[in-house]
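Quick notes on the structure that follows.
Keep in mind that the numbers below use all heavy atoms, side chains included, and drop hydrogens, waters and symmetry copies.
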Amino acid sequence: MFSRKNRRPKSPDVLEAWETLETGDIPGALRMLRSGAEQLPLDDVALVVGRAARETGIDDLRQAAEALAARPRHAEALYGFGYACVEHGLSYLAVPALAEVLRLNPGALPVVRELVSAYEREGRHDAAVNVLTRHESALADWPDRYLLVHNALMSGDLPLARERHAVLPDPTDPQWLPARERQNRMLERAAAAAAATGLDLTDLRGWQYVLGGTVLGVISPHGYDIGMTGRFAWFQDSADQCLRGLVRLKALLDAAEPRPRSVSLLPDRSSRILGLAAAEVLGLPAEPFAADREDTVVVAYDLNEMADAPDSRRILGQLHERVPGQVLHEHASCWTDAPAVTADSVALLYQTVAAPWDSQLRVNADGDVERGPADDRPEAEIAAEIVGADPSPDGGDGETPDDPDEAFAAFVAAVRPTWLRGERARLNSTGPVPSSRFV
């Protein structure tokens, strides 16, 4: 069908991606289409995507791209391309195609839903809200008006979320009952958190709690006013920072309801080190993780790292179905690639992290930057070093608001009644807090 497969894109930006394809770098070529995707010619984009799909054997995406390259203003071809892009993780390329379909077919509900799905996968919840409110008169209660509330929450618009949630009837189809219950819990957590925090668009701790039920212990003191709002980008961890996270965990447990009787150790080396340190800080015995153990703190250094350990799939499934009194604490949680399970407590959010015992960058005697060796000392020895570290906060760049222990304690006191009723599945959103993704 596609007699134009030797045709080259005309747009200079897309042509550059095409030439990158010729080097064999398919992921790199597709990444080049992300910047300014909504201004690129769709037929040129389809040429690149079609060739990439052909070379990787993704037939449905290839066929959709070839159809769009041949008929770039045809609504069916645009929709098919957008749908296939969403299915194959190219939502940023789906958005302009689906938006054009909607322009050609105003009010088409299937297109609205698919475009909202693409926006959600890109974390563009405010754009999803905009589309849904523009077509609100045509929306069904489930899923459409539910999605309006959901995206209003994810974009930080609590007044809109509360207003629309109040008039959203319970679903008649049982498949939507868990979603309704999850949304109820989010708004309950928002009401609780609002007693102690502003829940504005820079309130990282507040929104982490509202959306996932996670209490965030440590706010990064760097880059707050350039969009990080308390998250770390590239981060070399330290024993001091590990102890600070554990001190905040102890404050959380002391102020809230659970009374753990042990610390449960997960199988990966990093989690065992931190778990042994946690046991000393909390004054509790350390035991290997057991899924049915109640009244215990399960300590993970990084759940994404733990996922590479033996038997991790089974353990992550068990952590999703935690038993009463079992609290999951994660020290370093990736905010650009959320772990499979949402923790009840997180010390800090990072984009790229090096654990204190990993190989880290350092300045040598000549003033050059080099990568040092990993720390292969016994786990208990490194844990003892954490316990003896200094938990004082980093002075940072001077632009981050203070985060005193008193403010943290007040937040915990406010959310205590709703804590441990969070969203334990993967939370596929960084929420409404503005961010510089540095990718």
Side-chain angles (χ1 to χ4, degrees), residues 196-197 202-206 208-209 214-226 228-256 260 263 270-271 273-284 297 299-302 327 329-335 343-358 360-363 372 375 377 379-415:
T197 191
T202 63
D203 188 358
L204 182 64
R205 178 176 289 136
Q208 285 293 303
Y209 187 71
T214 298
V215 174
L216 177 65
V218 177
I219 299 297
S220 168
H222 300 277
Y224 187 91
D225 60 346
I226 61 170
M228 297 305 287
T229 59
R231 288 172 288 193
F232 291 88
W234 179 81
F235 179 59
Q236 289 204 142
D237 204 356
S238 65
D240 292 347
Q241 191 66 267
C242 286
L243 182 57
R244 180 159 177 74
L246 293 177
V247 168
R248 281 283 164 98
L249 169 64
K250 185 176 189 304
L252 171 61
L253 294 173
D254 287 347
V263 169
S270 292
S271 294
I273 291 171
L274 192 69
L276 290 171
E280 289 296 320
V281 171
L282 299 175
L284 298 171
V297 183
V299 175
Y301 179 81
D302 180 343
V327 178
H329 172 75
E330 182 182 23
H331 173 72
S333 189
C334 185
W335 60 270
D344 303 303
S345 165
V346 161
L348 58 91
L349 299 174
Y350 76 89
Q351 181 168 357
T352 302
V353 69
W357 40 89
D358 289 343
Q360 294 196 346
L361 296 179
R362 64 186 184 186
V363 179
D375 187 347
R377 288 180 296 163
E379 294 163 2
E381 187 174 337
I382 302 176
E385 186 173 288
I386 293 172
V387 174
D390 180 3
S392 301
D394 180 349
D397 56 19
E399 301 297 329
T400 300
D402 290 338
D403 183 33
D405 292 341
E406 295 78 10
F408 181 74
F411 181 83
V412 172
V415 303

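- Here the side chains of Met228 and Trp335 are in contact, with some heavy-atom distance below 4.5 Å.
- Within the 4.5 Å cutoff, side-chain heavy atoms of Leu246 are placed close to those of Leu274.
- We find the CG-OH distance between Leu204 and Tyr209 to be 15.5 Å, quoted to the nearest 0.5 Å.
- For the pair Tyr350/Ser220, no side-chain contact is recorded, criterion being any heavy-atom separation below 4.5 Å from C-beta on.
- Atoms CG and CZ, on Asp390 and Arg244 in that order, are 10.0 Å from each other to the nearest 0.5 Å.
- In plain terms, the two heavy atoms of Val412 and Ala255 that are nearest each other are CG1-CB, 3.7 Å.
- When all heavy atoms are compared, the tightest approach of Thr197 to Phe411 is CG2-CE1, 4.0 Å.
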Test side-chain contact (heavy atoms from CB on, under 4.5 Å) on Phe408 and Val215; report intermediate values, then the result. CA-CA 10 Å; Phe408 181 74; Val215 174; 3.8 Å; yes

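- Shown here for Leu243 and Val387, the closest heavy-atom pair between the two residues is CD2-O, 3.8 Å.
- The distance from the CG atom of Asp237 to the CG atom of Asp358 is 9.5 Å, given to the nearest 0.5 Å.
- A distance of 8.5 Å separates OG of Ser333 from CG of Leu348, quoted to the nearest 0.5 Å.
- Minimum interatomic distance between Leu253 and Pro260 (heavy atoms only, all atoms of both residues): CD1-CG, 4.1 Å.
- When atom types are taken as modelled, the side chain of Gln360 and the backbone of Ala355 share a donor-acceptor pair closer than 3.5 angstrom.
- Minimum interatomic distance between His331 and Gln241 (heavy atoms only, all atoms of both residues): CE1-O, 3.6 Å.
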Test side-chain contact (heavy atoms from CB on, under 4.5 Å) on Trp234 and Val353 and set out the steps. CA-CA 6 Å; Trp234 179 81; Val353 69; over 6 Å; no

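- Surrounding CG of Asp402 are at most 12 heavy atoms belonging to other residues, nucleotides or ligands under 6.0 Å away.
- Here CZ of Arg362 is found 11.0 Å from CD of Gln236. Values are rounded to the nearest 0.5 Å.
- The shortest heavy-atom contact between Phe232 and Pro221 is CZ-CD, 4.2 Å.
- Checked against side-chain contact (heavy atoms from CB on, under 4.5 Å), Ala300 has the following partners two or more places apart in sequence or in another chain: Leu266, Ser271, Leu303.
- With values rounded to the nearest 0.5 angstrom, Cys334 atom SG is found 7.0 Å from Gln351 atom CD.
- Under the side-chain contact (heavy atoms from CB on, under 4.5 Å) criterion, Asp403 pairs with Arg205, Ile219, Arg248, sequence neighbours left out.
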Apply side-chain contact (heavy atoms from CB on, under 4.5 Å) to the pair Asp344 and Thr214, showing each step before the final yes or no. CA-CA 5 Å; Asp344 303 303; Thr214 298; over 6 Å; no

Show, in sequence, the C-alpha distance, side-chain angles and deciding distance for Arg377 and Glu385, and conclude whether the side-chain contact (heavy atoms from CB on, under 4.5 Å) test is met. CA-CA 11 Å; Arg377 288 180 296 163; Glu385 186 173 288; 3.0 Å; yes

